[in-house]
Amino acid sequence: MTKSEIILFNTLTRRKEKFVPLKNGEAKIYTCGPTVYDFAHIGNFRTFVFQDLLRRWLEYCGFKVTQVMNITDVDDKTIIGARKRQISLKEYTDYYLKAFFEDIETLNLEKAEFYPRATEHIPEMVSLVKRLMEKGYAYRGEDGSIYYDISKFKNYGKLSKLKIEELKPGARVKVDEYGKEEARDFALWKAWDKDDGEVFWDTEIGKGRPGWHIECSTMAMKYLGETIDIHSGGVDLIFPHHENEIAQSEAATGKEFARYWLHSEHLLVEGKRMAKRYGNFYTLRDLTAKGYDPKAIRYLLLSTHYRQQLNFTFEGLEAAKNAVDRLKTFTRRLLETDGKGCGEEIRRLMTEVQRRFEEAMNDDLNISVALAALFDFVRDVNRLMDENRLSKQEAEMVYSLMMKFDKVLGVVGEFKTEEKLPTEAAELIRKREEARKAKDWVTADKIRAQLREMGVIIEDTPQGVKWRIEKR
RNA sequence: GCCGGGGUGGCCGAACGGUUCAGGCGGCUGCCUGCAGAGCAGCUAUAUGUGGGUUCAACUCCCACCCCCGGCUCCA
């Protein structure tokens, strides 16, 4: 574990706080996941990548992380979607859930320990709703739905810093649409109506389906306990979603629900809010289909501090790709290095970069500063290699360090040194060398182009010709 | 209307009351190279939305204004 401590910005207090987990050395985190009604878009992934970075940083620091990411597979959008396609809710959400898991892998997100689905936790939700009714926090509305009476929860608004009284005149509050007593109350359990079709559960509290917020309270407590260390999601979830989760959970248990609340800012695309009507709405698949490298996308989403709005542009994506290439090229070069050795200097540089990287990340995941430290290091070590002053053994140490950093960043990946060169490529390289010896540059360049077509990249260096296979 | 966040070089993006404005990307020049690639070195004019103020010193603090983004029960 790193000696210095992790500082995180807690939305609850609106200040940076030292992270002290409930249980020494363990971090229990709940990260709000996707509603599986469509392919997730890059805005969603900005948040998921942030949550991944958080998780990886905690692990780097030696914490045993238990992460829960919920899967919302029953709500208005999923029900409507399934109905449009005339398939069951499960069939519909399974499809998008599978796609989500594929996307997670594409973006190199570490797997959470649990991905609970709302529909698989109905009994637990029902019992939480019952508990809230027994304690007098919930009531049944005229329509048969069960609502949470926010006036009963004295701390309502503590996360979003909204005052109940000021919620009322809000322009977007639809009054009297349902059978709630107060427009601001929210549904714990929605009574079945004909638009729900076959989607309902017959339970002790009636025929219907759960409200949105109850799943998170229920599943967080089931897998992580009544008080969790960190809860996170996009800023848009602060209100009402997270506020309501607090109200439900804390009313039921009388205990603090989550100690640290972390929220990531939104992503803009070309300076604008991402929306289908602006034509700037992208899923991960849209981008990979255009040929963009997932590692570059990950880097771009990662490289801006999570509490800063991130402006996603194709120019930026191009830049991200080049930055990732620089790290990759550097790391690969380490494997081929066999110089004289520089002794103390490399140790000093390694100590320095680790110190800077860790200090930056510990400060509320200040990734920009951490990356700056990393790139400084890359430049310094490149210079050592240029001067033939890095030994094989030293290069191996640096390579291990790069892998350690990449365990956090997830953009470089391992290099396989013993990739097989196809025999025909080997033959071409031999021919090209002959041509070069004879200073027949035309033939040499032709063969180089030919190899490139085959996906074999040739580089002439003072140490002889080097090749690598570039998969596409 | 109420409440937040932000405006930094060609682009992205840190920092902070005071050493060179970090780092990345792009462009240019040089070194290396048959060329290319990679790398290194240097350059990219007086950067911090505007106008005031505080201070020996402000991008950093204060005031006003302009603009952008967001929250105020769909939303990552």
Side-chain angles (χ1 to χ4, degrees), chain A residues 14 31-35 37 40-51 75-77 150 157 160-163 166-174 177 180 183-187 212-213 232-241 243-244 263-268 271-275 299-300 303-305 307-313 315-327 329-330 332-333 356 360 366-387 436 439-442 444-445 448-449 452 457-462 466 468:
Chain A
R14 304 286 151 109
T31 52
C32 272
T35 301
Y37 72 103
H41 56 70
I42 52 173
N44 296 317
F45 283 115
R46 199 264 166 114
T47 295
F48 300 143
V49 167
F50 146 65
Q51 293 166 338
D75 78 325
D76 289 351
K77 281 178 290 199
I150 64 170
S160 55
K161 314 294 176 204
L162 293 172
K163 296 189 178 73
E166 289 170 5
L167 287 182
K168 235 177 179 173
R172 283 156 65 168
V173 178
K174 288 180 214 132
E177 194 177 304
K180 350 181 205 183
R184 341 167 260 182
D185 289 344
F186 61 90
W212 174 32
H213 316 294
S232 77
V235 282
D236 52 299
L237 296 185
I238 295 172
F239 189 87
H241 186 52
E243 195 69 63
N244 290 348
H263 293 96
S264 55
E265 253 302 342
H266 275 172
L267 172 107
L268 303 176
K272 281 189 198 154
R273 186 191 172 117
M274 183 166 55
Y299 183 91
L300 182 57
S303 56
T304 294
H305 184 84
R307 282 190 290 118
Q308 196 73 33
Q309 283 181 350
L310 164 70
N311 187 15
F312 184 98
T313 63
E315 199 188 344
L317 190 50
E318 220 44 69
K321 184 198 179 304
N322 292 334
V324 170
D325 280 348
R326 182 165 160 82
L327 294 176
T329 304
F330 170 74
R332 186 188 309 111
R333 188 180 180 191
R356 287 175 63 197
N366 192 336
I367 188 77
S368 306
V369 170
L371 288 172
L374 183 57
F375 279 106
D376 279 343
F377 177 71
V378 167
R379 188 192 344 95
D380 290 340
V381 177
N382 264 325
R383 192 189 295 126
L384 286 174
M385 290 192 284
D386 279 358
E387 293 166 359
R436 289 186 70 219
K439 297 207 190 291
D440 178 2
W441 308 125
V442 178
D445 290 353
R448 182 166 60 194
R452 176 171 278 279
I457 309 292
I458 291 297
E459 279 168 26
D460 302 317
T461 74
K466 282 186 182 158
R468 64 173 200 275

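Computed from a prediction, not measured in an experiment: that's the story for all the values here. Lettering follows sequence order; numbering is per chain, from 1.
Judged by ring centres under 5.5 Å apart and planes tilted less than 30 degrees, Trp441(A) stacks against the six-membered base ring of G34(B).
Residue Arg379(A) has a polar side-chain atom (N or O) positioned under 4.0 Å from OP1 or OP2 of G23(B). Within the 4.0 Å cut-off from OP1 or OP2 of C11(B), not a single side-chain nitrogen or oxygen of Asn311(A) is found. Between Asn382(A) and C40(B) there is a side-chain N or O to OP1 or OP2 distance below 4.0 Å. Dashed line: the shortest gap from a side-chain N or O of Asn322(A) to OP1 or OP2 of G26(B) is under 4.0 Å. Side-chain N/O atoms of Arg468(A) include none lying less than 4.0 angstrom from OP1 or OP2 on G37(B).
Positionally, the nearest nucleotide of RNA chain B for Leu371(A) lies more toward the 5' end than for the other of Leu371(A) and Tyr37(A). Projected onto RNA chain B by closest heavy-atom contact, Leu267(A) and Arg333(A) fall at different nucleotides, the more 5' of which corresponds to Arg333(A).
Spacing between C43(B) and G49(B) at atom C1', rounded to whole Å, works out to 28 Å. Taking the P atoms as reference points, C3(B) lies 36 Å from A47(B), given to the whole Å. Only the C1' atoms considered, G51(B) is 15 Å distant from C67(B), to the nearest whole Å. A distance of about 35 Å separates the C1' atoms of U54(B) and C11(B), rounded to the whole Å. Nucleotides C56(B) and U29(B) have their C1' atoms positioned 41 Å apart, rounded to a whole Å. Remark: the separation of the C1' atoms in A45(B) and G10(B) is 14 Å, to the nearest Å.
The residue Thr461(A) sits close to a base: some heavy atom pair falls under 4.0 Å. As judged by a 4.0 angstrom heavy-atom cut-off over every strand, Gln308(A) is placed among residues touching the sugar-phosphate backbone only.
In this entry the distance linking CG of Leu162(A) with P of G1(B) reads 18 Å, nearest Å. The NZ atom of Lys439(A) sits 12 Å away from the P atom of U33(B) (whole-angstrom rounding). Whole-Å rounding puts the Glu318(A) CD to C25(B) P distance at 13 Å.
Distances were taken from every side-chain heavy atom of Ala372(A) (C-beta onward) to each of C69(B), G34(B), G23(B); the shortest belongs to G23(B). With A22(B), C75(B), G70(B) as the candidates, the nucleotide lying closest to the side chain of Ser368(A) is A22(B).
Using N1 to N3 plus N6-O4 or O6-N4 for Watson-Crick, or N1-O2 and O6-N3 for G-U wobble, each under 3.5 Å, A41(B) pairs with U29(B). Pair check for G9(B) finds none; no Watson-Crick or G-U wobble contact set falls under 3.5 Å. When Watson-Crick and G-U wobble pairs are counted only if both distances are under 3.5 Å, G18(B) pairs with C56(B).
The backbone N or O of Ile150(A) lies less than 3.5 Å from a partner atom in the side chain of Asp185(A), making a donor-acceptor pair.
Side-chain N/O atoms of Asp460(A) and base N/O atoms of C35(B) include a donor-acceptor pair closer than 3.5 Å. Between the side chain of Asp236(A) and the base of G70(B), no donor-acceptor pair under 3.5 Å is found. Contact of Arg273(A) with C69(B) (side chain to base): no donor-acceptor pair of N or O atoms is detected under 3.5 Å. A donor N or O paired with an acceptor N or O is found under 3.5 Å between the base of A76(B) and the side-chain atoms of Thr47(A).
Using a 30° and 60° split on the angle between ring planes, Trp212(A) and His241(A) fall in the parallel class, below 30°.
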> Could you go step by step and tell me if Gln309(A) and Arg46(A) meet the side-chain contact (heavy atoms from CB on, under 4.5 Å) rule?
Replying inline: CA-CA 10 Å; Gln309(A) 283 181 350; Arg46(A) 199 264 166 114; 5.5 Å; no
>> Between Thr304(A) and Glu265(A), does the side-chain contact (heavy atoms from CB on, under 4.5 Å) criterion hold? Intermediate values first, please.
In response: CA-CA 10 Å; Thr304(A) 294; Glu265(A) 253 302 342; over 6 Å; no
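A salt bridge between Asp386(A) and Arg383(A) is absent, with no side-chain N of the basic residue lying under 4.0 Å from a carboxylate O of the acidic one.
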